[in-house]
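Following: one structure in structure tokens, then a few remarks.
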Number of protein chains: 2
Amino acid sequence: MIEPIKKIFTSFSTELAKEIEVNATIHSYKTGDIIIRTGQYIKNTVLVISGKIKVYREDENGGEFFMYYLQPGQACAISMICATKNEKSQIMAKVVEDVELIMVPLPLMDKWMMQHRSWYEFVIDTYRSRFEEVLEVIDSIAFRAMDERLEFYLKRHADVCGCKELKLSHQEIASELNTSREVISRLLKKMEQRGIVALHRNNIELLK
Amino acid sequence: MIEPIKKIFTSFSTELAKEIEVNATIHSYKTGDIIIRTGQYIKNTVLVISGKIKVYREDENGGEFFMYYLQPGQACAISMICATKNEKSQIMAKVVEDVELIMVPLPLMDKWMMQHRSWYEFVIDTYRSRFEEVLEVIDSIAFRAMDERLEFYLKRHADVCGCKELKLSHQEIASELNTSREVISRLLKKMEQRGIVALHRNNIELLK
DNA sequence: CAAAAACAGTGACAATTGTTACATTGCTAT
DNA sequence: ATAGCAATGTAACAATTGTCACTGTTTTTG
């Protein structure tokens, strides 16, 4: 178990990996499962071993705004932040590809900060990269119109899945950008005319 | 000097306050000064003793999107995050009321995390509260139209200045919400008709 | 296989936001 | 006092986005 952990979380020291093995638990979730909902209390810090998770911000009317992916080797910054203060979750996290997670109980998250340099650096680096990602999201909505936001969205998804074929319905995209399906269909058609994408059923092919 | 620090940063231990006194420097800036620009390297973690700072996200075309205020007793989360990794600033910070700042050199920021519990908690709490504030900003742009965003914007400013009289020009608001002056004038007029504000020159009075 | 459900395309129109152009008001400096 | 400037008001129009209504197609399900 220690070796697999060190393989995915390459920066962890052996001592830290041991601590994780002894104290943390492994949980599995299936595609479509909701790991945490807005308003729930967070009891653990979450590290991703395998699979993919999408993190959303929700509004009162059921809107789901996509913020970022969590992938193997990454941790949920919000779970770290909230964990320390035993706060409610400000986000919703949905499994999009079966995942295995390491759940680190609250008090350890804190304790290890003082004891394990590699944990401390991992946590700080998680904060930094998530903060930067969130700032980029702000850019995309604050400074750009829907057509550019859509391109940004598609590129991020292509980066994460590592392929050019996005298995997304127009409705799904519309929800995650908080607009309507018709708007997405319209903009995708224009992108197709510009030769940026090819449209198939449940499948958007990025050409550039 | 130790006493003033402890008065503003109430959670700091005496030892920490001493360390700050010995190692950190105090800087003053005038209203209108830009403390840090996007792309500059951050060399210090910034703590605010007095005055007010506005933090912005910039785009390539000179747009300035307002994110949050920094006030006495607070620290710039981005300066902490970037400091650790010696990264470039992702934000721009402008003085809106003459400030005195404590500048903590990079290496100390890191070192104190291990040595001073009260510093560790302050840093984590800064991350948490800024992250939450940024998430609220995302809400406002992702889920709300310009009229609601304007109300949200005005309320935040009123909270910070602690008064109902906002000394802001329509142009200033428009820039910070990344829209045009005409749109803001139009929406403010509607708000005035609804009895939410009273409009004066360079002065918006919140009635509710 | 037939019916239902999910997905996509599209036209028409409404609402919001962005842009242009110009008028008006009140403050400031000489 | 008045010229000049910043701030504001506003009308008219363009562009984008949101909504409604309806179509056809593909997939799923009983």
Side-chain angles (χ1 to χ4, degrees), chain A residues 31-32 59-66 96 139-154 157 165-206, chain B residues 31-32 59-66 96 139-154 157 165-206:
Chain A
T31 301
D59 81 343
E60 324 78 48
N61 316 313
E64 300 180 355
F65 182 79
F66 170 68
V96 292
D139 284 356
S140 77
I141 28 183
F143 296 124
R144 314 229 263 257
M146 196 53 84
D147 53 350
E148 283 189 274
R149 286 177 57 192
L150 177 56
E151 286 192 44
F152 176 70
Y153 174 93
L154 294 177
H157 277 71
E165 311 260 313
L166 305 176
K167 304 260 174 295
L168 296 165
S169 75
H170 298 185
Q171 182 56 66
E172 205 174 335
I173 300 171
S175 304
E176 302 200 341
L177 291 174
N178 200 53
T179 179
S180 70
R181 180 192 62 81
E182 293 89 331
V183 171
I184 297 300
S185 293
R186 195 151 60 195
L187 293 174
L188 281 173
K189 264 289 160 234
K190 279 186 196 162
M191 287 175 71
E192 190 176 40
Q193 282 157 18
R194 287 197 289 143
I196 299 172
V197 296
L199 301 178
H200 317 288
R201 189 185 177 82
N202 249 317
N203 178 349
I204 297 167
E205 189 183 343
L206 274 176
Chain B
T31 301
D59 81 342
E60 323 79 49
N61 314 315
E64 300 179 356
F65 182 80
F66 170 68
V96 293
D139 283 356
S140 77
I141 30 182
F143 296 124
R144 313 228 263 257
M146 196 54 83
D147 54 349
E148 283 189 274
R149 288 177 55 191
L150 177 56
E151 286 193 46
F152 176 71
Y153 174 93
L154 295 177
H157 278 71
E165 311 259 314
L166 305 177
K167 304 259 175 295
L168 296 165
S169 75
H170 297 185
Q171 182 57 65
E172 207 174 334
I173 299 171
S175 305
E176 302 200 339
L177 291 174
N178 199 55
T179 178
S180 70
R181 180 193 59 83
E182 292 86 337
V183 171
I184 297 300
S185 293
R186 195 152 59 196
L187 293 174
L188 281 173
K189 264 288 161 239
K190 279 186 197 163
M191 287 176 72
E192 190 176 41
Q193 282 157 19
R194 288 197 289 143
I196 299 172
V197 296
L199 301 178
H200 317 288
R201 191 185 178 81
N202 252 318
N203 178 348
I204 297 168
E205 190 182 343
L206 275 176

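Numbered from 1 within each chain, the chains take letters A, B, ... in sequence-line order.
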Subject >> Candidates B:Q193, B:R194, B:K189 - the one meeting side-chain contact (heavy atoms from CB on, under 4.5 Å) with B:M191 >> reply: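 In the set B:Q193, B:R194, B:K189, the residue that makes a side-chain contact (heavy atoms from CB on, under 4.5 Å) with B:M191 is B:R194.
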
In whole angstroms, how far is the [atom2] atom of [N] from the [atom1] atom of [X]?
X      : N      : atom1 : atom2 : result
A:K167 : C:dA8  : NZ    : P     : 12 Å
A:R144 : C:dT17 : CZ    : P     : 20 Å
A:I184 : D:dT16 : CD1   : P     : 15 Å
A:L199 : D:dG24 : CG    : P     : 21 Å
A:E148 : C:dG18 : CD    : P     : 14 Å
B:L187 : C:dT17 : CG    : C1'   : 9 Å
B:L177 : C:dT17 : CG    : P     : 11 Å
B:H200 : C:dG26 : NE2   : P     : 13 Å

As an exercise, state the distance from [atom1] of [X] to [atom2] of [Y], rounded to the nearest 0.5 Å.
X      : Y      : atom1 : atom2 : result
A:L187 : A:L150 : CG    : CG    : 6.0 Å
A:R149 : A:I184 : CZ    : CD1   : 8.5 Å
A:I141 : B:N178 : CD1   : CG    : 11.5 Å

**OP:** Would you mind telling me which residue lines up with the more 5' stretch of DNA chain D, A:D147 or A:R181, judged by nearest nucleotide?
**Re:**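 Looking at DNA chain D, the more 5' nearest nucleotide goes with A:D147.
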
Original post:
Pick the nucleotide of DNA chain D nearest each of A:K190 and B:Q171; which residue has the one closer to the 5' end?
Top reply: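 The residue mapped nearer the 5' terminus is B:Q171.
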
Original post:
Within the modelled atom types, does a donor on one side and an acceptor on the other bring the side chain of B:R201 and the base of D:dT8 under 3.5 Å apart?
Top reply: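 Flag unset: no donor-acceptor pair detected.
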
**OP:** Would you kindly check whether a donor in the side chain of A:R186 faces an acceptor in the base of D:dG18, or vice versa, at under 3.5 angstrom?
**Re:**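 Flag set: donor-acceptor pair detected.
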
Considering only side-chain heavy atoms of [X], which listed nucleotide, [options], is closest?
X      : options               : answer
B:E182 : D:dG9, C:dT19, D:dA7  : C:dT19
B:S180 : C:dG18, C:dT10, D:dT8 : C:dG18
A:V183 : D:dT17, C:dG18, C:dG9 : D:dT17
B:M146 : C:dG18, D:dT17, C:dC7 : C:dG18
A:K189 : D:dG9, C:dG9, D:dT17  : C:dG9

Original post:
C:dA6 phosphate, OP1 or OP2: any side-chain N/O from A:H170 under 4.0 angstrom?
Top reply: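 For C:dA6, neither OP1 nor OP2 has a side-chain N or O of A:H170 closer than 4.0 Å.
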
Original post:
Using a cut-off of less than 4.0 Å, is there contact between a side-chain N or O of A:S185 and OP1 or OP2 of C:dT10?
Top reply: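 No, because none of the side-chain N or O atoms of A:S185 sits under 4.0 Å from OP1 or OP2 of C:dT10.
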
Original post:
Just checking B:S169: base, sugar-phosphate only, or nothing, at a heavy-atom cut-off of under 4.0 Å?
Top reply: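 Sugar-phosphate: the residue B:S169, judged by heavy atoms under 4.0 Å, touches backbone atoms but no base.
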
Original post:
Any idea how A:F66 and A:H157 line up, ring-wise: parallel (<30°), tilted (30 to 60°), or perpendicular (>60°)?
Top reply: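 A:F66 vs A:H157 ring planes: tilted.
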
